[in-house]
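Chain A is the first sequence line, chain B the second, and so forth, proteins listed ahead of strands; every chain is numbered from 1.
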Amino acid sequence: MPLWLEFLVLAKKIIYNANVTNQKNFVVIAVSAQLESLFFTAMTNAFGKSHWQALIQVANKQQQGDYQSNAAFALAKQLQQSPQAVAEQLLAHLPTNDIIEETSISGPGFINIRLTPACVSASLINMLQSPQAGINPSQHPETIVVDYGSPNVAKAMHVGHLRSTIIGDALVRLLNAKGHHLIRQNHVGDWGTQFGMLIEHIIQEKLDLHSLDSIQELNTLYQASKKRFDTDEVFAKAAKERVVALQAGTPDTLALWQILVAKSQEHFQSIYNQLGVLLTQDDIRGESSYNDDLPKLIDDLEKHKYLTISQGAKVLFLEGFVDKDKNPLPMILQKSDGGYLYATTDMVTAKYRIENLKANRIIYVVDCRQRQHFDMLFAAVKHVGYADNSVRLDYVPFGAMLGDDRKPFKTRSGQVIELASLIDEAIKRAYDLYKSKNPDATDVQAMQVAKVVGVGALKYADLSNDKIKDIVFDWEQMLAFDGNTAPYLLNAYVRIASILRKADDQDGNPVSWLLESPQELDLAKHLIQFPELIDQLSIDLAIHRLCQFLYKAANLFHRFYEHCPILNANHETKQSRLKLCLVTQNVLHTGLNLLGIETLESM
RNA sequence: GCACCCGUAGCUCAGUUGGAUAGAGUGCCUGACUACGAAUCAGGAGGUCGGGAGUUCAAAUCUCUCCGGGUGCACCA
């Protein structure tokens, strides 16, 4: 389905939703969808045509209005009239309603829309009473598989694993909030030739794996065996035989492999706990679990005559893929020596997710260097009919993490940075920062704050930029209290918490609002866009726009806070402002939670 | 060589899928703490959207081309 059509379908769903709710108790769910509906009617009434879009969007000129419609331009061409004339007729045919305060036409034909206070407060009431700040559950919940994380057994997790883990976690939380059925899949690298050399090394050296108490020791072991494999031909031969033994399931070899896997899983879980991501042991389904299905896949594809033998390998040729000499580029599924490749595993995995897990949508959070692989994989899976049009396959590519020299982020000595030490440093820096601002704080308090701020800053720095771009790693920037950072957002949240603690006379009446100052209105009108933003993000997965939205919300709150006394205002105003604080808090808490970032009551 | 991604203020980045005079933060300059946390707020300066051509009422956004940077290109994952 093309993107524009999906948006249209989505908008229709929201309209339906809003109408249903309106019959009960005048609760507005999505303002833009209501406007869309009103302008849709106006177009039909004025011109008798109904297949155009109302092109409603949040105004880019806030002085002129809250929302705008650009429909007049598209219509003008078809009707051979000037955009201004079309705009006038549209406004003349706008149905009576209680959400539009005033409209105006400006420029070449922009229609500006100002919302009524009643419309704004109705949305706020809804958000105040909703546990998720007004996020609507999807009308058509899907089963969505998210493939992310994917560390390797017998190796320490490093910076290269961070982005997939953080981004994947946020996407899972986002889609889960929309009421979809999420299946997390951690496609761990637990199989392949490297385990032959590692196990052979362990056996020859008579090492006791149970005595290993850190992943670093395993890492060292891996490097030692790799070195032997590359330099010692006798060992290399033995290692290759060991792979065969492993694949055949020889008991002693398999037992050692299982210990390696178990040790590694403990390590993964300790990192996931430190990071506060949702992944657990239950989400692990490594490459090895698809072994038995690899020959079956080849059989199946051969039976249906999809495979070609090329230079001794069994391959799939797909339309549109060419190599450097413009010859057809094959997707190799079985090597000439009979072995399988990751394309084979990925294809079996996709098949499993669609057929066994009943996935409607599969999201792969994998770095952008694998784009061509996923292009081919998706084309292949569709070509052979494992995925029909009802299944949506999304590749979510992301860029590299760079140091301040704009080269891949490494230690000063050029080593890969281990994730455990990176997280520790984030917490340490947050700890020192907190201590410098709060010298009287206890170590326990400081540590509590530092974990939330440090890890939150690490995640936010990753999520707040467009995923496809490389991110430049900068501790100073990510832990700054100014600008688009986690500490700034957390600070806004903490301030609200502080105010609400002090306000012991909240009347709890959700209905009456007094939104009078421009700062209050700006904040309110921004907040009510939250639910529809989440709807959009659940389709395009542009998670950085959530960060941008939350940053703006925190910024508008700070302005409101500076200009509008809350606790010292007269009773009615105070109650209204406290509720605005509550909605802001709800949005910040919900939004940060979707990003996988915890909140604090004080810092 | 072919393909894909990126190029926006000194720096780090947005730009709602083609809409109005391109926006934030940071850094720089100027102001505001005897009011709910100044970890904040108010204001100023700062731009040939890499260059050029095209499509159209309208282009940072789409097309072509060139320049610069990155990544990937048959039996590793």
Side-chain angles (χ1 to χ4, degrees), chain A residues 3-4 7 32 55 57-61 64 68 70 73-74 76-77 82-83 106-110 112 150 152 189 191-194 287 310-315 321-327 329-337 339-343 345-346 367-373 375 397 399-400 402 406 433-434 437-438 461 464-466 468-472 474 476-477 480-485 487-488 490-492 494-496 498-503 529 533 536 540 542 544-545 547-549 551-552 555 558-559 561-569 574 577 581 602-603:
Chain A
L3 204 59
W4 66 267
F7 277 116
S32 68
L55 299 173
Q57 60 180 244
V58 174
N60 24 7
K61 299 267 164 200
Q64 313 241 29
Q68 71 185 58
N70 300 333
F73 298 110
K77 184 147 199 184
S82 75
S106 62
F110 296 97
N112 306 305
S150 314
N152 299 308
W191 202 249
T193 49
Q194 70 270 29
E287 292 166 0
S310 174
Q311 298 178 25
K314 290 179 182 168
V315 309
F321 293 93
V322 292
D323 70 7
K324 51 191 166 186
D325 303 317
K326 299 223 171 186
N327 295 317
L329 181 68
M331 182 177 187
I332 302 173
L333 292 171
Q334 189 170 22
K335 296 193 284 182
S336 49
D337 68 2
Y340 305 105
L341 295 112
Y342 81 137
T345 312
D346 277 353
D367 82 89
C368 65
R369 288 176 301 185
Q370 309 224 16
R371 185 182 288 268
Q372 191 180 42
H373 168 66
D375 283 346
L402 307 177
R406 291 232 142 224
L433 191 63
Y434 180 78
K437 306 263 185 191
N438 305 275
S464 57
N465 286 345
D466 189 358
I468 195 65
K469 298 197 179 169
D470 296 341
I471 49 178
V472 178
D474 182 348
E476 300 284 321
Q477 193 278 331
F481 279 94
D482 304 303
N484 190 8
T485 64
Y488 181 86
L490 289 169
N491 182 43
V494 163
R495 277 193 165 176
I496 296 170
S498 168
I499 291 168
L500 293 173
R501 269 197 305 274
K502 288 179 178 154
Q529 293 164 27
L533 174 75
Q536 277 180 40
D540 63 27
H544 70 286
R545 285 179 46 206
C547 296
Q548 220 179 311
F549 178 89
Y551 172 62
K552 178 97 183 178
N555 184 235
H558 275 133
R559 290 186 202 179
Y561 170 87
E562 289 287 332
H563 294 95
C564 306
I566 300 165
L567 297 176
N568 298 329
K574 178 179 175 182
R577 288 178 178 171
C581 286
S602 66
M603 66 189 271

Students often get this wrong, so: under 4.0 angstrom with heavy atoms, is A:S602 touching a base, only sugar-phosphate, or nothing? base
Spacing of the P atoms in B:C64 and B:U71 (rounded, Å): 24 Å
Nearest-0.5 Å distance that lies between atom CG in A:L341 and atom CD1 in A:I332: 6.5 Å
Across the strands shown, which category fits A:E287 at heavy-atom distances under 4.0 angstrom: base, sugar-phosphate, nothing? sugar-phosphate
Mind checking A:I332 for me? I need base, sugar-phosphate or nothing, with any heavy atom below 4.0 Å counting as a touch. base
Looking at A:Q68 and A:F110, would you say the former's side chain and the latter's main chain have a donor-acceptor pair under 3.5 Å? no
Measure from the side-chain heavy atoms of A:D466 and tell me the nearest of B:A14, B:C41, B:A39. B:A14
Answer yes or no: is there a donor N or O on one side and an acceptor on the other, between the side chain of A:N327 and the main chain of A:D323, under 3.5 Å? no
Any side-chain N or O of A:S498 less than 4.0 Å from the OP1 or OP2 oxygen of B:G37? yes
Can you tell me how far C1' in B:G15 sits from the matching atom in B:G69, rounded to whole Å? 22 Å
Is A:F110 stacked on the base of B:A20, meaning ring centres closer than 5.5 Å and planes within 30 degrees of each other? yes
Listing time: all N or O pairs from protein to nucleotides 2-4 of chain B that are below 3.5 Å?
unit_1	atom_1	unit_2	atom_2	d
B:C4	O2'	A:R371	NE	3.4

With sugar-phosphate meaning primed atoms plus P, OP1 and OP2, does A:M603 contact a base, only sugar-phosphate, or nothing at under 4.0 Å between heavy atoms? base
If you round to the nearest 0.5 Å, how far is CZ of A:R501 from OG of A:S602? 6.0 Å
Euclidean distance, A:D474 CG relative to A:L402 CG, rounded to 0.5 Å: 12.0 Å
When all nucleic acid strands are considered with a 4.0 Å heavy-atom cut-off, which category describes A:P108: base, sugar-phosphate, or nothing? nothing
To the nearest 0.5 Å, how far apart are CZ in A:F321 and CE in A:M331? 9.0 Å
What is the nucleic acid contact for A:H373, judged by heavy atoms within less than 4.0 Å: base, sugar-phosphate only, or nothing? nothing
With sugar-phosphate meaning primed atoms plus P, OP1 and OP2, does A:T345 contact a base, only sugar-phosphate, or nothing at under 4.0 Å between heavy atoms? nothing
Of the listed nucleotides (B:C73, B:U71, B:U8), which one gets closest to any side-chain atom of A:L329? B:C73
So what does A:P487 touch, heavy atoms closer than 4.0 Å: a base, only the sugar-phosphate, or nothing? nothing
I'd like to know whether A:W191 forms a side chain to side chain contact (heavy atoms under 4.5 Å, CB included) with A:T345, so could you lay out the CA-CA distance, the side-chain angles of the two residues, the decisive distance to 0.1 Å, and finally the verdict. CA-CA 11 Å; A:W191 202 249; A:T345 312; over 6 Å; no
Can you identify which nucleotide, out of B:G23, B:A14, B:A74, has its nearest atom closest to the A:V315 side chain? B:A74
Need to verify one output field. Residue with the more 5' nearest nucleotide on RNA chain B, A:H544 or A:Y342? A:H544
Quick one: which of B:U17, B:C57, B:G37 gets closest to the side chain of A:V494? B:G37
Pick base, sugar-phosphate or nothing for A:C547, based on heavy-atom distances below 4.0 Å to the nucleic acid. nothing
Across the strands shown, which category fits A:D375 at heavy-atom distances under 4.0 angstrom: base, sugar-phosphate, nothing? nothing
RNA chain B: stems of at least 3 consecutive Watson-Crick or G-U pairs, cut-off 3.5 Å? B:1-7 with B:67-73, B:10-13 with B:23-26, B:28-32 with B:40-44, B:50-54 with B:62-66
Is a donor-acceptor contact shorter than 3.5 angstrom present between the side chain of A:S464 and the base of B:A14? no
Reading RNA chain B from 5' onward, which residue's closest nucleotide shows up sooner: A:V472 or A:N568? A:V472
Base, sugar-phosphate alone, or nothing: which one does A:Q548 contact when heavy atoms must sit under 4.0 Å apart? sugar-phosphate
Just by modelled atom types, is the A:A480 backbone N or O under 3.5 Å from a matching donor or acceptor in the A:T485 side chain? yes
Distance (rounded to the nearest 0.5 Å) between A:D482 CG and A:Q477 CD: 10.5 Å
With hydrogens left out and only the distance checked, is there a donor-acceptor pair under 3.5 Å joining A:Q68's side chain and the base of B:A20? yes
Please state the C1' separation for the pair B:U48 and B:G44 - nearest whole angstrom. 24 Å
A:I499 and A:Y561, any side-chain heavy atoms less than 4.5 Å apart: yes
Choosing from B:C36, B:G15, B:G37, which nucleotide comes nearest the side chain of A:R545? B:G15
For atom C1', what is the distance between B:C13 and B:C33, given to the nearest Å? 31 Å
A:N438 side chain, from C-beta outward: closest of B:C13, B:A39, B:G19: B:A39
Under the criterion side chain to side chain contact (heavy atoms under 4.5 Å, CB included), I'd like the reasoning laid out for A:N491 against A:H558: C-alpha separation, chi angles, the key distance, then a yes or no. CA-CA 10 Å; A:N491 182 43; A:H558 275 133; 3.9 Å; yes
Should A:R545 and A:D540 be marked as a side chain to side chain contact (heavy atoms under 4.5 Å, CB included) after you check the CA-CA gap, both sets of side-chain angles, and the distance that decides it? CA-CA 10 Å; A:R545 285 179 46 206; A:D540 63 27; 3.5 Å; yes
Can you tell me if A:D470 uses its side chain to pair, donor with acceptor, with the backbone of A:A400 under 3.5 Å? yes
If the P atom of B:G54 is compared with that of B:U61, how far apart are they to the nearest Å? 14 Å
A:N465 CG - B:C6 P separation (whole Å): 14 Å
Nearest to the side chain of A:K77, which nucleotide is it out of B:U56, B:C41, B:A39? B:U56
Scan A:S310 against the nucleic acid and name what it touches under 4.0 Å (heavy atoms): base, sugar-phosphate only, or nothing. base
Just how far, in rounded Å, is P of B:A77 from CD of A:Q370? 12 Å
For B:C57 and B:C11, measure between their C1' atoms and round to the nearest Å. 38 Å
Please report the distance separating the C1' of B:G18 from the corresponding atom of B:A59, rounded so that it comes out in whole Å. 7 Å
Spacing of A:I471 atom CD1 and A:N465 atom CG [to the nearest 0.5 Å]: 7.0 Å
Syn-anti status, with the boundary at 90° from 0, for the nucleotide B:U55: anti
Between B:C5, B:G72, B:C13, which one does the side chain of A:R369 approach most closely? B:G72
So what does A:Y340 touch, heavy atoms closer than 4.0 Å: a base, only the sugar-phosphate, or nothing? sugar-phosphate
Checking B:C57, B:C36, B:A39 against the side chain of A:K502 (C-beta onward), the nearest is B:C36
Between the base of B:A22 and the side chain of A:N60, is there a donor and acceptor pair under 3.5 angstrom? no
Could you check whether A:D367 gets within reach of a base, just the sugar-phosphate, or nothing at all, counting any heavy atom under 4.0 Å? nothing
Rounded distance in Å between the P positions of B:C4 and B:A9: 26 Å
Which nucleotide in the list B:A77, B:U17, B:U12 gets nearest to the side chain of A:L341? B:A77
Below 4.0 Å: OP1/OP2 of B:C6 and any side-chain N or O of A:R406: no
